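Down below is the structure, laid out as structure tokens.
The model shown is predicted, which means the values in this text are computed figures rather than measured ones. As a basis for the values below, the full set of heavy atoms in this structure was taken, side chains included, without hydrogen atoms, waters or symmetry mates.
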Amino acid sequence: MAIAPNDASVKAELAIILLAQDPIDAPTDFVARAYRLAGDAVTLSPFSDRSKYALMISQFRVGQTVAAIETGYAAMALNPNNSDIAARLGLYLFTAGRWEEGTGLAVRSAQLDQNVVSDGLLTRALNAYRLGRFEDALALSQQLKSFDDYAVHTVQAASAGQLGKADEARSALLSLGADRADFDTAFHRSMSARRFTPEMTDLLQAGVLKAIAQKS
């Protein structure tokens, strides 16, 4: 930062890196720092889609969901072909309960980029689960096995639980810490930290509890 104190791209990238390193369930001062850096980046370069992307994810992490969605759409207006923006914004919309809107952007991100964009794939898996298409949800979530993400493990365990596939749920349940005595509280806290609506949290928990019951 000392080398290029007024470089918007450097500030935006640092904000993104800080948020990637900071645990969602136990945020540190990295979040506030990232938020400031992203804001500076947008001030320095208001027409940079990357700066807007950094601000979007920073706003979401500090709980400014509505502002994050507005910023995400502004970023998309600057670069409609950016699959990462479409995928992340789609996920944020979905967690906020705007199911169809979020899934539409997830599909769009896949059309823009043939490579797997994890946020878009996760949104599609979550939507398949919401609609009761548990086989599709499980198949989509299994494509994200390399991503050590709480939401990915949740939809995988929940889908497998709904299907009665205990073996498929085992590793996901382990990653979720399903054996903890305070799992119910920890689960709701983790989903809340990811801004999921109570409705979606309850739907997913129902499947996870089935998977836990099948395991024992």
Side-chain angles (χ1 to χ4, degrees), residues 1-98 101-102 105-106 108-109 112-113 115-123 126 144 147-154 186-198 200-201:
M1 288 297 299
I3 298 175
N6 295 313
D7 190 318
S9 62
V10 171
K11 288 177 179 286
E13 291 305 320
L14 183 54
I16 293 168
I17 291 170
L18 288 173
L19 290 173
Q21 293 178 342
D22 199 62
I24 295 176
D25 294 316
T28 69
D29 58 359
F30 277 10
V31 176
R33 186 181 175 198
Y35 182 76
R36 290 193 299 271
L37 286 166
D40 290 345
V42 171
T43 299
L44 290 167
S45 185
F47 301 109
S48 163
D49 63 307
R50 193 63 172 170
S51 294
K52 294 280 190 186
Y53 176 80
L55 181 60
M56 173 184 70
I57 63 176
S58 299
Q59 289 171 323
F60 189 80
R61 287 289 286 275
V62 299
Q64 298 176 3
T65 304
V66 174
I69 289 171
E70 291 176 354
T71 301
Y73 273 120
M76 281 188 60
L78 291 170
N79 187 354
N81 297 318
N82 189 314
S83 61
D84 290 334
I85 294 174
R88 182 59 65 92
L89 176 57
L91 181 58
Y92 289 170
L93 286 162
F94 190 91
T95 61
R98 294 160 67 170
E101 198 176 348
L105 284 183
R108 177 176 174 177
S109 72
L112 290 170
D113 190 345
N115 296 316
V116 173
V117 181
S118 59
D119 292 329
L121 199 55
L122 173 57
T123 300
L126 287 164
L144 290 164
F147 294 92
D148 186 18
D149 181 90
Y150 194 91
V152 172
H153 298 313
T154 296
F187 179 79
H188 279 86
R189 183 172 59 245
S190 293
M191 298 302 284
S192 178
R194 289 161 178 79
R195 317 300 175 197
F196 277 86
T197 62
M200 194 65 204
T201 297

Please examine the side chains of [Y] and [X], heavy atoms only from C-beta on, and report whether any two atoms are closer than 4.5 Å.
X      : Y      : value
Leu144 : Asp149 : no
Ile24  : Arg194 : yes
Asn79  : Tyr53  : no
Leu126 : Phe196 : yes
Ser48  : Leu78  : no
Gln59  : Leu55  : yes
Glu70  : Val66  : yes
Gln64  : Thr71  : no

Work out which heavy atom in [X] is nearest to a heavy atom in [Y]; give both atom names and the distance.
X      : Y      : result
Pro80  : Leu112 : O-CD1, 3.6 Å
Leu91  : Asp119 : CD2-OD1, 3.8 Å
Ile85  : Gly72  : CG2-O, 3.8 Å
Ala12  : Ala54  : O-CB, 3.7 Å
Thr197 : Gly97  : CG2-N, 3.6 Å
Ala106 : Gly120 : CB-O, 3.5 Å

Got a second to check how far [X]'s [atom1] is from [Y]'s [atom2], nearest 0.5 Å?
X      : Y     : atom1 : atom2 : result
Ser109 : Arg88 : OG    : CZ    : 11.5 Å
Tyr35  : Leu18 : OH    : CG    : 15.5 Å
Met200 : Thr95 : CE    : OG1   : 10.5 Å
Leu105 : Tyr73 : CG    : OH    : 5.0 Å
Phe30  : Leu37 : CZ    : CG    : 11.0 Å

With sequence neighbours excluded, give me every salt bridge (charged side-chain N to carboxylate O under 4.0 Å, His left out) pair touching residues 41-61.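 Qualifying pairs: Glu13-Arg50, Asp22-Arg61.
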Donor-acceptor contact present, side-chain Thr154 to main-chain Tyr150, <3.5 Å: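 Answer holds: yes.
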Is the backbone of Ala41 close enough, under 3.5 Å, to the side chain of Ser45 for a donor and an acceptor to pair up by distance?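 Answer holds: no.
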Could you work out, with ring-ring contact (aromatic ring centres under 6.0 Å, His included) as the rule, every residue matching Phe187, not counting sequence neighbours?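 Phe183.
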Test side chain to side chain contact (heavy atoms under 4.5 Å, CB included) applied to Asp29 - qualifying residues, sequence neighbours left out: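 Asp29 satisfies side chain to side chain contact (heavy atoms under 4.5 Å, CB included) with no other residue.
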Reference residue Tyr92; test side-chain contact (heavy atoms from CB on, under 4.5 Å); the match among Thr65, Ile57, Thr123: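 With Tyr92 as partner, side-chain contact (heavy atoms from CB on, under 4.5 Å) holds for just one option, Ile57.
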